[in-house]
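Please read the structure below before turning to the comments.
Whatever order the structure lists them in is the order used to number ligands and atoms, beginning at 1.
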Amino acid sequence: MSGKTFYIETFGCQMNVHDSEKVIGTLMAQGYAQVETPEAAGLVLYNTCSIRDKAEQKVFTRLQNFKREAGKGKVFGVLGCVAQQEGEKIFDRAPHVSLVAGSASYTRLGEMLVQLEAGNRRVTGLSLDTGETFDTPFTRRDNPHRAYITIIEGCDKSCAYCVVPFTRGPERSRTSESVMAEARRLAEQGYTEIQLLGQNVNSYRDPSPAAWDFATLLARIAEVAGIRRVRYTTSHPRDFVKAIVDAMDANPVLCDHVHLPVQSGSTRVLASMDRLYTRDDYMRRIEWIKTARRPYSITTDIIVGFPGETEEDFQQTLDLLDQVQYDSLFSFKYSPRPNTAALAMGDRVPEEEKQRRLVILQEKQRAIQIQRNAGLIGETREVLVEGRHHSLGQWIGRTSDNRTLNFTWDSPPGLSSSDLAGKYLPVLVTRAGPNSLVGECATVV
Ligand code: SAM
Ligand code: SF4
């Protein structure tokens, strides 16, 4: 391998982004240097996503593009969910790949690198049979203000459409002591925002005798000195208990936002998805949030075109949008995935119909967002400054309720453009679009 250099590209969710930060830290601790292009690297890694077919195909396109590079002594590795799902079949499909490892095996990454360095060209890490979580002292974080902390890995649910339980294995929670120690260390290093991660953070259960549940963990993390914002993702409605809303209400460090994926507004479809709640159960949780002491933004995930979804079911999802008034949502066309229960279900919705439903859903949500965001004009919101749009002459801010609020600020002479990043500032909202807000900051920093 030439000169111990590596390139990594990450696909998919925040869990993958954070896994890559840990992988990068581990590689650097083993003497590897990160480079910006695959051409410049000795080791090329793809941390992959297989949640939908389109995401999965991306990695094979990448590998195909760089096939010729393999001849130049490069080593290729496929990490993450596609690696776990396809396993050794990847060696057949892309013979220039030498490493195939799923996230449950990253604790063995150092060992796997040693094998690659020794010239082994068929190195695998595919066991899901692990009680361990991938905690590493070497995490290399990209954002200087916001840090991810994994609190739980894997998933014990079995949603009929979802590949995650097969690619990330069973649930494993980290000890509260280890999570708290990481939060304190991050605060000491100057991070002010923490995002707790897991496929289902609500089912967090401290494996140590303290036995904290998720609401307790949230409350304690919010008390760490120096931490000004705490977010978490993802919740599962079945495990989203009232104590979570109570903990949020009790401490404004816990951000004004709940992402509560619903998937469908039809109880019939929810049952066939095996989501373990009804529409009424879901609405009860929305009521807890809406009747809380301070306002929270609410966002969700929706799948259209699940097998057997009728026009009537779809109308119920549209009706749910009217009822809840989400601040934002992620919407997907159902994509059949290997190993999942939904594969065997009949009544497939044709592709054009899925597309039609997706467009209708997105148009409806766009109208809701235009109206909700317009209601914020004239209000002042605190933002964490994330960066700058040089071309627009605007700073990029994020509100506690997870909106993008771009703003202008008349800098006093002598202050450089990087001076605002990481600061918390009050911004007056002056304009609103469907996906973001625009405002002005008059504060002298
Ligand atoms: N664990 C989280 C949860 O329970 O919501 C996140 C799972 S997944 C990474 C994020 C979203 O992708 C899901 O909420 C779902 O809407 C969507 N999704 C998962 N599998 C899908 C599939 N086979 N087809 C289309 N969308 C899918
Ligand atoms: Fe997938 Fe359901 Fe687990 Fe979320 S809760 S990761 S959708 S199986």
May I ask you to test the S173-P207 pair for a side-chain heavy-atom distance under 4.5 Å?
yes
Nearest heavy-atom neighbours spanning D313 and S266:
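It is OD1-OG, 2.8 Å.
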Can we say [X] and [Y] salt-bridge, meaning some charged N sits less than 4.0 Å from an Asp/Glu carboxylate O?
X	Y	answer
D256	R294	yes
R268	E309	no
R168	D19	yes
R356	E311	yes

Hey, is [X] touching ligand 1 through its side chain, its backbone, both or neither, going by heavy atoms under 4.0 Å?
X	result
C13	neither
Y161	both
R337	side chain
R168	neither
K157	neither
H236	neither

Of R168, H236, M15, the residue with the heavy atom nearest atom 5 (S) of ligand 2 is H236
Give a yes/no answer: is there an N/O/S atom of C162 under 2.8 Å from atom 1 (Fe) of ligand 2?
yes
Nearest-contact summary for atom 8 (S) of ligand 1 - protein heavy atom, Å
I51 CD1, 3.5 Å
So which protein heavy atom does atom 3 (Fe) of ligand 2 come closest to, and at what separation?
C155 SG, 2.3 Å
Cation-pi check, R146 to Y191: give yes when NZ or CZ is under 6.0 Å from the six-membered ring centre and within 45° of the ring axis, no otherwise.
no
Over 60° means perpendicular and under 30° means parallel, so tell me whether Y46 and F11 are parallel, tilted or perpendicular.
tilted
Under 4.0 Å to a heavy atom of R275 - the qualifying atoms of ligand 2, by number
2 (Fe), 7 (S)
